[in-house]
Amino acid sequence: MFPTDPDQRPDDSSPRPQRVWPRNLAFALAAAAVTAGAFALLRPSGEEGGGSAAPSVSESPSASASASASVSAAASVSVTASAAAARASATPDASLLPLDQLFPVQVTAAGGEVYTRVGSTVMKSCVEPDSVGPRLIGMIRASKGCLGEQIALYTDSAKNQYNLAVFTMADPKDTVHLVTTLSMAFDDYQVGAQAPPPASGLATLPPDSGMVQAFSGAGRAMVAGLGQWADGRAGDYQTLVDKHLSPLQKAVAQAVFAHESGR
């Protein structure tokens with residue numbers, strides 16, 4: 001276990017990263033019956049616009065992010081370099097935690113807050129440029145492979161928005177490297193945020209809205225969490241991390257840890 005030093009967390013005066021406009025992506029809505037829907041991704045920072053689906057925007061400020069990291073040890077998964085490279089853009093591995101177990105319809109935190117899943121899906125690959133930034137893509141391609149990326153959007157009673165992305169790597173050592181590196185780059189968003197579908201009742205927040213991010217890991221899996229206030233305000237970031245994002249991310253990380261420990 002190696003938690004990030006809390007004294008190194010940024011405050012509200014930290015540098016502001018660039019964000020860009022949403023693009024569309026198909027997903028499954030969490031409802032009584034699963035129905036087809038769509039959500040948009042706020043493309044990660046560091047990527048230049050491409051394609052007519054994403055209108056260009058000028059550089060705009062966003063919130064500072066707070067990152068925490070803890071990775072537990074697990075046995076290595078042996079794969080050849082060629083197989084690992086192929087898996088970075090192939091069908092998700094069967095050893096992934098099932099989507100509904102990873103992202104339950106509702107998560108109740110220790111303090112009593114209830115988080116409701118708005119949508120979740122398994123990405124076609126771990127390196128889709130509309131959901132993953134170029135730096136993270138490069139790190140994944142240099143690794144022993146990524147078995148799958150699973151994402152979800154949650155909300156709470158105040159309609160704050162929480163994005164979760166779980167990257168399951170072929171080798172736990174790569175998980176350690178990803179969590180450590182991304183946690184240190186608190187002002188660099190390499191994981192896309194999902195814009196909610198219209199039927200959800202949630203606001204589609206503008207690209208200059210406040211955001212925090214945090215990373216944790218267990219075995220092969222890295223859990224990336226993003227948090228935004230319901231009104232997109234830029235402020236109270238530590239509260240957003242500690243009292244709102246962290247309890248949900250911890251619940252997902254615990255499910256990941258249980259799965260990884262039982263493999």
Side-chain angles (χ1 to χ4, degrees), residues 1-10 14 17 44-46 64-77 79 84 87-88 92-93 95-97 102-103 123 125-128 131-152 162-193 211-227 237-238 240-242 244-261 263:
M1 307 288 286
F2 52 98
T4 299
D5 186 348
D7 293 334
Q8 296 179 354
R9 281 185 168 185
S14 301
S45 64
S64 62
S66 176
S68 60
S70 60
V71 177
S72 58
S76 297
V77 178
V79 293
R87 280 182 170 174
D93 192 270
S95 67
L96 302 185
L97 182 61
L102 179 61
F103 302 126
M123 301 296 286
S125 81
C126 298
V127 293
E128 293 186 36
S131 64
V132 182
R135 184 183 186 198
L136 180 52
I137 288 176
M139 294 170 66
I140 290 174
R141 286 179 172 162
S143 73
K144 292 184 179 179
C146 179
L147 307 180
E149 179 191 358
Q150 298 158 286
I151 63 175
Y162 308 96
N163 294 269
L164 296 171
V166 177
F167 295 82
T168 301
M169 308 304 292
D171 190 333
K173 293 180 181 178
D174 288 323
T175 300
V176 174
H177 176 60
L178 290 180
V179 172
T180 303
T181 303
L182 294 175
S183 295
M184 294 174 66
F186 60 83
D187 60 347
D188 181 15
Y189 292 94
Q190 290 294 310
V191 178
M211 180 184 287
V212 294
Q213 65 178 349
F215 301 90
S216 60
R220 304 170 303 160
M222 176 181 75
V223 183
L226 304 174
Y237 303 129
Q238 205 63 58
L240 182 57
V241 172
D242 294 340
H244 299 278
L245 174 61
S246 291
L248 174 61
Q249 183 165 356
K250 181 179 179 181
V252 172
Q254 287 175 337
V256 170
F257 178 78
H259 175 71
E260 288 295 297
S261 300
R263 284 192 308 112

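Just so you know, residue 1 is the first one in the sequence shown, and it goes up from there. Just so it is clear, the structure is predicted and the values come from calculations on it, not from any experiment.
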So which atom in A193 and which in M211 form the shortest heavy-atom distance, rounded to 0.1 Å?
CB-CE, 3.6 Å
Would you find a donor on one side and an acceptor on the other, under 3.5 Å apart, between the side chain of E260 and the backbone of F257?
no
Working for side chain to side chain contact (heavy atoms under 4.5 Å, CB included), residues S131 and I151:
CA-CA 10 Å; S131 64; I151 63 175; 5.9 Å; no
Nearest-0.5 Å distance, CZ of residue R220 to CG of residue D171:
10.5 Å
Atom OH of Y189 and atom CG of L226: how far apart are they, to the nearest 0.5 Å?
7.5 Å
Would you say Q249's side chain and V223's backbone share a donor-acceptor pair under 3.5 angstrom?
yes
Check step by step if side chain to side chain contact (heavy atoms under 4.5 Å, CB included) holds for V191 and V132.
CA-CA 5 Å; V191 178; V132 182; over 6 Å; no
Between M222 and V166, does a side chain to side chain contact (heavy atoms under 4.5 Å, CB included) hold up when you go through it step by step?
CA-CA 6 Å; M222 176 181 75; V166 177; over 6 Å; no
So which atom in G227 and which in L245 form the shortest heavy-atom distance, rounded to 0.1 Å?
N-CD2, 4.0 Å
Measure across L147 and S95 and return the closest heavy-atom pair with its distance rounded to 0.1 Å.
CD1-OG, 4.0 Å
Can you tell me how far SG of C146 sits from CE of M123, rounded to the nearest 0.5 angstrom?
11.0 Å
If we ignore hydrogens and angles and just use 3.5 Å, is the side chain of E149 paired with the main-chain N or O of E128 as donor and acceptor?
no
So which heavy atom on T180 is nearest to which on V176, and how close?
OG1-O, 2.8 Å
Smallest heavy-atom separation, D242 atom then P247 atom, equals O-CD, 3.7 Å
Rounded to the nearest 0.5 Å, how far does CD of Q190 lie from OG1 of T181?
11.0 Å
Considering all heavy atoms of both residues, which atom of Y162 and which atom of L248 are nearest to each other, and what is their separation?
CB-CD2, 3.6 Å
Rounded distance (nearest 0.5 Å) linking atom OG1 of T175 with atom NE2 of H177
11.0 Å
Measuring from atom SG of C126 to atom CD1 of I137, what distance do you get when rounded to the nearest 0.5 angstrom?
10.5 Å
Any donor-acceptor N/O pair, T168 side chain to L96 backbone, under 3.5 Å:
no
